[in-house]
2 protein chains.
Amino acid sequence: MITITNGKQLRQGKTLQTIQSEVAETNRLALSVDCVIFGFDENKLKVLLIRSDLKKYEGRYSLLGDLVYPAEDLDAAAYRILKQRTGLNDLYLEQVQTFGAVDRHPAGRVVTVAYCSLVNVQHHKLKILENELHWHDVKSAVDFAFDHKEILDACYERLQKRIQEHPLGFNLLPKKFSLRELQNLYEAILDVKMDRRNFRKKFFSMDFLTDTNEMEQDVPHRPGKLYKFNYEKYEKKKKKWFGIDF
Amino acid sequence: MITITNGKQLRQGKTLQTIQSEVAETNRLALSVDCVIFGFDENKLKVLLIRSDLKKYEGRYSLLGDLVYPAEDLDAAAYRILKQRTGLNDLYLEQVQTFGAVDRHPAGRVVTVAYCSLVNVQHHKLKILENELHWHDVKSAVDFAFDHKEILDACYERLQKRIQEHPLGFNLLPKKFSLRELQNLYEAILDVKMDRRNFRKKFFSMDFLTDTNEMEQDVPHRPGKLYKFNYEKYEKKKKKWFGIDF
DNA sequence: ATTTAATGTGTAAAATACACACATTCTTAA
DNA sequence: TTAAGAATGTGTGTATTTTACACATTAAAT
């Protein structure tokens, strides 16, 4: 998505006028990157959206995006947007799909490369947010600008697939988490109910959870153990699981 | 890839000069589509490449690509290239990844959307080919122009994954094929050996192979039965197998 | 102290994946 | 014509993975 809504707020974002000038001349096109930033909060999968205050798109929501700079790689543009909007570095990021329908953007031909990224909402909340940024339920979000619903759907489907093949979920959780939180995450993303015992068995058998010897605090029931994800163990084992190339 | 090599041969391809003019001005970029066209022949996975006759890239091979027209959708551009280069319509086509490194193209900023497509080589051979188009072994192909080796690798890995989830392989075979041919295809793409009995069992249990009541002809051994892929049966069943969305 | 609500654990059945051998059919060469 | 060679075609038992399922334990709240 192009940050057409708040040129004043962003130091680096381009305004609608800039985009129009980029694409106005014959045969010109603009290239943008849109980030689908997923979070997990209140046992629901969330996505970070910005509300357009431009009259034309009043009340509609957009993904976070920007034009790609002339001398900037695609991934670099995506990381720049993430840093700019969440204040966080080193987030999980994956290119998903490029959307280039001729009429997808009213300002002219704007081709956008969609990225899926994962953040720990609690971590993010500590940062000072721009006013118009909010977390929305992925399943119930409506009123998108442009083709951003389609982009969100593509990234959500990719996430559903990926999380069944790789342990991505940890990017959405605090460093220390209970198995219940982990299961809630999987159930929310995949929209299924899982058997608690089998879920625990599966994750323990994968053997990349480390017991922190700490317990949950301030929960209104018996506290569960807290675990953390052990990247070293995972790195050693993933080749075996995922065969060919991962 | 941009068809910089043979502007005279192509009715629709753009010449190097065209590309340079597209990207020469400040902040301009060009958008292209590159098709990784896979085939299967002599029990090996092949890819259709064009040899550059431009001095700068002498002896190097490129994927088939072209600039996207100003009023052309990305998929449409990919289909156009396939039609142009193979003479065939309705090929399997899937967008894989977009490559946009700043320096990936010597003519300036050219962002390319990579597509993976599958053709029946026998079918394709019936068409009159352009001189400089040839099928190459995927595993042993070297000397690529630009970042086309990287693009090929990305599409090959995607194909390896996809073929384990969906019955794509039929796009690479004649309408009627023996189980041995089908197994050879899987073994070639996945680079593994499979047990013949278990392979047969698995495909028969999927129940979308229809017996044609015909046998192989002109093989130097006992002929095998010929089957065809039953799309109707597949469509009815795939939801059950692939769960959420496929 | 009692109730409540979630954590933590094991086992049996079912489904799936894997390993494996021999008879059959057709071609080819003696 | 016959024998040898080479690939097709088929079934079963074993190992592994997935699924279903119930009860005792712990801490918080009343």
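Order of the sequence lines sets the chain letters (A, B, ...), proteins ahead of strands, with each chain counted from 1.
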(message) Given B:Asn198, which partner from the list B:Arg196, B:Lys201, B:Arg200 fulfils the side-chain hydrogen bond (donor to acceptor under 3.5 Å, both in side chains) test?
(response) B:Lys201

(request) Sequence neighbours left out, what passes side-chain hydrogen bond (donor to acceptor under 3.5 Å, both in side chains) with B:Lys83? Give chain and number order. (result) none

(request) Please work out whether the ring planes of B:His134 and B:His136 are parallel, tilted or perpendicular, with thresholds of 30° and 60°. (result) perpendicular

(request) Go through the structure and list residues passing side-chain hydrogen bond (donor to acceptor under 3.5 Å, both in side chains) with A:Arg158, not counting sequence neighbours. (result) A:Glu94

(request) Name all residues meeting the ring pair (Phe, Tyr, Trp, His ring centres under 6.0 Å) criterion together with A:Phe229; count only those two or more places apart in sequence or in a different chain, and write none if there are none. (result) A:Phe170, A:Phe208, A:Tyr231, A:Tyr234

(request) Describe, as an angle rounded to 10 degrees, how the axis at the first end of the helix from C:dA1-D:dT30 to C:dA30-D:dT1 is tilted relative to the axis at the last end, five pairs per end. (result) 10°

(request) Please identify each residue that fulfils side-chain hydrogen bond (donor to acceptor under 3.5 Å, both in side chains) with B:Thr210, with sequence neighbours left out. (result) B:Asn230

(request) With rounding to the nearest 0.5 Å, note down the distance linking CG in A:Leu88 to CD1 in A:Ile37. (result) 9.0 Å

(message) Does anything in residues 175-188 of chain A come within less than 4.0 Å of DNA chain C? Heavy atoms only, and list the residues if so.
(response) A:Arg180

(request) Examine the base of D:dT19 for any acceptor or donor lying under 3.5 Å from a partner atom in the side chain of A:Lys202, and report the outcome as yes or no. (result) no

(request) Please tell me if the side chains of B:Ile151 and B:Thr112 come closer than 4.5 Å, counting only heavy atoms from C-beta onward. (result) yes

(request) Answer yes or no: is there a side-chain heavy-atom contact under 4.5 Å between B:Val96 and B:Tyr156? (result) no

(message) Tell me the interatomic distance from A:Lys201, atom NZ, to D:dT17, atom P, rounded to whole angstroms.
(response) 13 Å

(request) List in chain and number order the residues that pass side-chain hydrogen bond (donor to acceptor under 3.5 Å, both in side chains) with A:Glu216, two or more places apart in sequence or in another chain; answer none if no residue qualifies. (result) A:Ser178

(request) Sugar-phosphate atoms are those with a prime plus P, OP1 and OP2; base atoms are the rest. Using that split, label each nucleotide of nucleotides 24-30 of chain D B, S or - for protein heavy atoms under 4.0 Å, 5' to 3'. (result) -BBSS--

(message) Heavy atoms only, 4.0 Å cut-off, all strands: where does A:Lys225 land among base, sugar-phosphate and nothing?
(response) sugar-phosphate

(request) Indicate yes or no: at least one non-hydrogen side-chain atom of B:Asn171 is less than 4.5 angstrom from one of B:Leu91. (result) no

(message) Going 5' to 3' along DNA chain C, which are the first and last nucleotides with any atom under 4.0 Å from a heavy atom of chain B?
(response) C:dC18 to C:dT27

(message) If you count every heavy atom of other residues, nucleotides or ligands that lies below 6.0 Å from A:Lys202 atom NZ, does the total exceed 12?
(response) no

(request) May I ask you to check whether over 12 heavy atoms, not counting those of A:Asp90, lie within 6.0 Å of atom CG? (result) no

(message) Show every salt bridge (Lys or Arg N to Asp or Glu O under 4.0 Å) that has at least one partner inside residues 172-186 of chain A, sequence neighbours left out.
(response) A:Lys176-A:Glu214

(message) Near DNA chain D, counting only heavy atoms under 4.0 Å, which residues of residues 191-198 of chain B show up?
(response) B:Arg196, B:Arg197

(request) Starting at atom CG of B:Asp211, determine the distance to atom P of D:dT8, rounded to an integer number of angstrom. (result) 15 Å

(message) Suppose we screen for side-chain contact (heavy atoms from CB on, under 4.5 Å). Which residues come up paired with B:Asp211, at least two apart in sequence or across chains?
(response) B:Asn213, B:Lys225, B:Tyr227

